[in-house]
Q: 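What follows is a structure written as structure tokens; I'll ask about it next.
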There are 2 protein chains.
Amino acid sequence: MPTKTAAKKAPSKPAERSERTERADRPSGVVTLEQVAARAGVSPSTVSRILNGTATVSEVKRAAVDEAIRTLGFRPNPVARGLAGGRTMSIGVVTQRISSPFYGEALSGIEVALESAGYVPLFVSGNWNEADERKAIETLLSRRVDGVIVLAGRLDNKELAALSASVPMVVVGRQLAGERLFSFSFDNRAGARLATEHLISLGHRRIALLLGDLVHDDAIDRQSGYLDALAAANIPVDPELILQSDYTEAGGMLAVSRLMERDVAFSAIFSSNDQMAYGAILGLARRNLRVPDDVSIVGFDDLIMSRYTMPPLTTVRHAVYETGAQAASAMLALLQGEKPRVQLAAPELVMRESARRAVR
Amino acid sequence: MPTKTAAKKAPSKPAERSERTERADRPSGVVTLEQVAARAGVSPSTVSRILNGTATVSEVKRAAVDEAIRTLGFRPNPVARGLAGGRTMSIGVVTQRISSPFYGEALSGIEVALESAGYVPLFVSGNWNEADERKAIETLLSRRVDGVIVLAGRLDNKELAALSASVPMVVVGRQLAGERLFSFSFDNRAGARLATEHLISLGHRRIALLLGDLVHDDAIDRQSGYLDALAAANIPVDPELILQSDYTEAGGMLAVSRLMERDVAFSAIFSSNDQMAYGAILGLARRNLRVPDDVSIVGFDDLIMSRYTMPPLTTVRHAVYETGAQAASAMLALLQGEKPRVQLAAPELVMRESARRAVR
DNA sequence: TTGTAGGCGTTATCAT
DNA sequence: ATGATAACGCCTACAA
């Protein structure tokens, strides 16, 4: 290292400069498309074309540009792209609560599926309430996202369809159609029927049902599946056994309390989502009822945690992560002008230890 | 100034809005700053100034502009703002796995805290691996985020500090300093000590420890807390009782298996996070060991789910949501040029039902 | 205090 | 096929 003492008048700057220049060759700072063009000896437009595959370019120039991009470490600026009328390369995702174990899985799937295409998700929470949800979409639109994925939600179909006029949309958990709108949902009804039938096959006939908020289609469908199964087995429906709840652990626990207060007989519970089942198990324990010894219980969704509850939960596999990934793929297809097609797995019962044969 | 390009068709003024929007290429509610300026009879720069509080503006004009903004429903375009060198009004957040019950809570806190300031979070997952994390930050930077919040992660301090030269950063779960860099972390050591001391106070002396990956400071600190407690109680450390794991449910379950295979006596387990505790409870059950009858267990983090496990988990409250909110506030302060100051709650033991007095 | 002009990095529209 | 040259919507010197 050159000592300062000798550097009284000696220009120490040149040394510094050269050192910096040396480093500047590395792909560190902000490299613009224009710089790439300069290095490749072509016009910015050409670089842009190559980047977007907008037009055919001679092999020679393409190679030169590719080289320049690589050595310069150029990465197109999504912000500028967005402004120029191009895409922002970001997809808005309307979820309800980002920290929910259910939505979390879906978001994860979306993130991964989008990443490979260079898109970034913008997550906003609707907090299970219409106003927030509307505002969330508003935010997304002002951010000029290239598309919006809506997971469930409370906005009515008409509103969503209208929105799809300004952005391509993918709606999960609803059935609605439109030009730039695609929707799909898991077969909740079949899944719920599966769960209930399992309980019936184990000899249960007094099966309580824990319901989610019926403003949601999936909650309704799961109820239908339950009713289907009872009807098929000629088991009369007892309204006393049907509990309205909210898909949360606390709600599940509360529902069990209400059920017990009704003082009706039951030997099993179909909880229409896993989270309520967790609460229900605890609620039963509080009344000295063991699962599955005294009461059998089947959930719905097969969250990660369901393998680790005590006892591990028998439930319906929902493949939430995959659902998210499919939603993302569908959006990508939409953006490509293609017709999305999703291949969703059929509901499947995952037998663990929370349900057993009815005694007697 | 009619700088319209030589349009092929008649310049259709968007004054009349058609009810049946057939053209999906133009978002409907796009009002520009320029339009606001025109309506208010001022120049665009004046509007901009009012928006950003950049300069003092006469009350008359301000009122006119405010009115124009309101009636036109103008919302500044963050994309354009970002390009113009202004802020993008978005904050990058590096998490490890968006679907983790732990990180999910933190993200939720960040989202809410940021929202009130008009910022939007951009979540990217590092997947517990250095390369992905680096790439995640890369993505964030190319998106021109105004700041980056890093939750734990594997990047080394030096790298983070260097990064903070280009963006203000808030790092949670690390201790490092810098001009535009702020970090803070929960007192993991004290928390772990609390948990262990609780077990000791219940008469346990053979206490197993389930550890997270020691590349993370928090895992190390929690181990230290455990050791502190033992030392203070004059209980010798038995390496056989210390299990290296990974903070997952599966890892916790596996750790218990390994522990049992070692065939050493133990009456309690301090699991350094709740997720491992869930797995441990199941693992113990598989060996016919009941919690807390046969083995007491204390967790760490107090995730929502810990209230609903069987039995409900005694654990250390971590206030993850608040931590996220604090990180966001700190970032906001940094952006404001202020010095962030966080007020993190001290660790606190939450006594539930997974730990009880040791039988002898 | 307020307006004018230039620029941010890309894409799109013209010519050539 | 390729290159100028406008936009895109906003911010910010620089003027006035």
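Side chains are part of it too, since the values below use all heavy atoms of this structure and drop only hydrogens, waters and symmetry mates. Labels below follow one simple rule: chain letters A, B, ... track the order of the sequence lines, proteins then strands, and each chain is numbered from 1. The structure displayed is predicted, hence computed values, not measured ones.
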Q: Students often get this wrong, so: under 4.0 angstrom with heavy atoms, is B:L33 touching a base, only sugar-phosphate, or nothing?
A: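 If one applies the 4.0 Å heavy-atom cut-off, B:L33 turns out to touch the sugar-phosphate alone, with no base involved.
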Q: Side chain to side chain contact (heavy atoms under 4.5 Å, CB included) for A:L33 and A:R81? Distances and angles first, verdict last.
A: CA-CA 11 Å; A:L33 181 147; A:R81 247 153 127 130; over 6 Å; no
Q: Of the nucleotides D:dG3, C:dT11, D:dT12, which has the atom closest to the B:T54 side chain?
A: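 It is D:dT12.
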Q: Please report the interatomic distance CD(A:E115) to CG(B:D132), rounded to the nearest 0.5 Å.
A: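 That separation rounds to 7.0 Å.
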Q: Just to be sure I understand the rule, does B:P44 reach a base, reach only the sugar-phosphate, or reach nothing, if contact means heavy atoms closer than 4.0 Å?
A: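 Result for B:P44 = nothing.
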Q: Under 4.0 Å between a side-chain N/O of B:S48 and OP1 or OP2 of D:dC10, yes or no?
A: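 No, outside the criterion.
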Q: Between A:V171, A:V94, A:V170, A:V172, which is the residue that forms a side chain to side chain contact (heavy atoms under 4.5 Å, CB included) with A:L151?
A: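 For A:L151, the side chain to side chain contact (heavy atoms under 4.5 Å, CB included) check succeeds only for A:V172.
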Q: For the pair made of CD in B:E34 and C1' in D:dC11, what is the distance, rounded to whole Å?
A: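 Distance check: B:E34 CD to D:dC11 C1' gives 14 Å.
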Q: Between A:Q35 (CD) and C:dC8 (P), how many Å, whole number?
A: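 Going from A:Q35 (CD) to C:dC8 (P), I get 11 Å.
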Q: Between B:N77 and B:R49, just flag the one whose closest nucleotide in DNA chain D comes earlier from the 5' side.
A: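 The answer here is B:N77.
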Q: Please report how far the helix from C:dT1-D:dA16 to C:dT16-D:dA1 bends, comparing the axis fitted to its first five pairs with the axis fitted to its last five, to the nearest 10 degrees.
A: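 It works out to 40° between the end axes.
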Q: In whole Å, what is the span from the CZ atom of B:R87 to the C1' atom of C:dC8?
A: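 The distance from CZ of B:R87 to C1' of C:dC8 comes to 13 Å, rounded to the nearest Å.
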Q: Rounded to whole angstrom units, what separation is found between the CG atom of B:L51 and the C1' atom of C:dT2?
A: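 Result: 16 Å.
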Q: Over all strands shown, is B:V79 touching base, sugar-phosphate only, or nothing at heavy-atom distances under 4.0 angstrom?
A: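 Answer is nothing: B:V79 stays at 4.0 Å or more from every strand.
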Q: Rounded to the nearest 0.5 Å, how far does CZ of A:R39 lie from OG1 of A:T71?
A: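 Result: 3.5 Å between the selected atoms.
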Q: If you assign each of B:R144 and B:S45 to its closest nucleotide in DNA chain C, which residue comes earlier from the 5' end?
A: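 The residue closer to the strand's 5' end, by nearest nucleotide, is B:S45.
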Q: Does the side chain of A:T32 get closer than 4.0 angstrom to OP1 or OP2 of C:dG9 through an N or O atom?
A: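 Looking at the OP1 and OP2 atoms of C:dG9, neither is under 4.0 Å from any side-chain N or O of A:T32.
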Q: Do any side-chain nitrogens or oxygens of A:N52 fall under 4.0 Å of OP1 or OP2 in C:dT10?
A: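 Answer is no, no contact under 4.0 Å.
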Q: Specify the separation, in whole Å, of atom CG of A:L83 and atom P of D:dC11.
A: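 Taking CG of A:L83 and P of D:dC11, I get 11 Å after rounding.
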Q: Which atom pair, heavy atoms only, marks the closest approach of B:F74 to B:T32?
A: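 Heavy-atom minimum between the residues: CE1-C, 3.5 Å.
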Q: For the pair made of CD1 in B:I50 and P in D:dT12, what is the distance, rounded to whole Å?
A: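 So the two atoms are 15 Å apart, to the nearest Å.
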Q: Select one nucleotide: of D:dA1, D:dC11, C:dT4, the one nearest the side-chain heavy atoms of A:T56.
A: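 Output: D:dA1.
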Q: Under 4.0 Å between a side-chain N/O of A:T46 and OP1 or OP2 of D:dT2, yes or no?
A: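 No, no such contact exists.
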Q: Touch check for B:S58, heavy atoms < 4.0 angstrom, all strands: base, sugar-phosphate only, or nothing?
A: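 Answer is sugar-phosphate: B:S58 comes under 4.0 Å of backbone atoms only.
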Q: Rounded to the Å, how far apart are A:R81 CZ and D:dG9 C1'?
A: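 These atoms are roughly 19 Å apart.
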Q: Between B:R134 and B:E138, does any NZ, NE, NH1 or NH2 come within less than 4.0 Å of an OD or OE carboxylate oxygen?
A: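 Answer for the salt bridge query: no.
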Q: Could you pull out the closest heavy-atom pair between B:D146 and B:R87, with the gap in Å?
A: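 Nearest pair, atom of B:D146 first, then B:R87: OD2-CB, 3.0 Å.
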Q: Which of these passes side chain to side chain contact (heavy atoms under 4.5 Å, CB included) with B:V93: B:L140, B:L122, B:I98, B:L107?
A: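 Going through the options one by one, the only one that passes is B:L107.
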Q: Among C:dG3, D:dC10, C:dT10, find the nucleotide with the atom closest to the side chain of B:P76.
A: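 Closest nucleotide to the B:P76 side chain: D:dC10.
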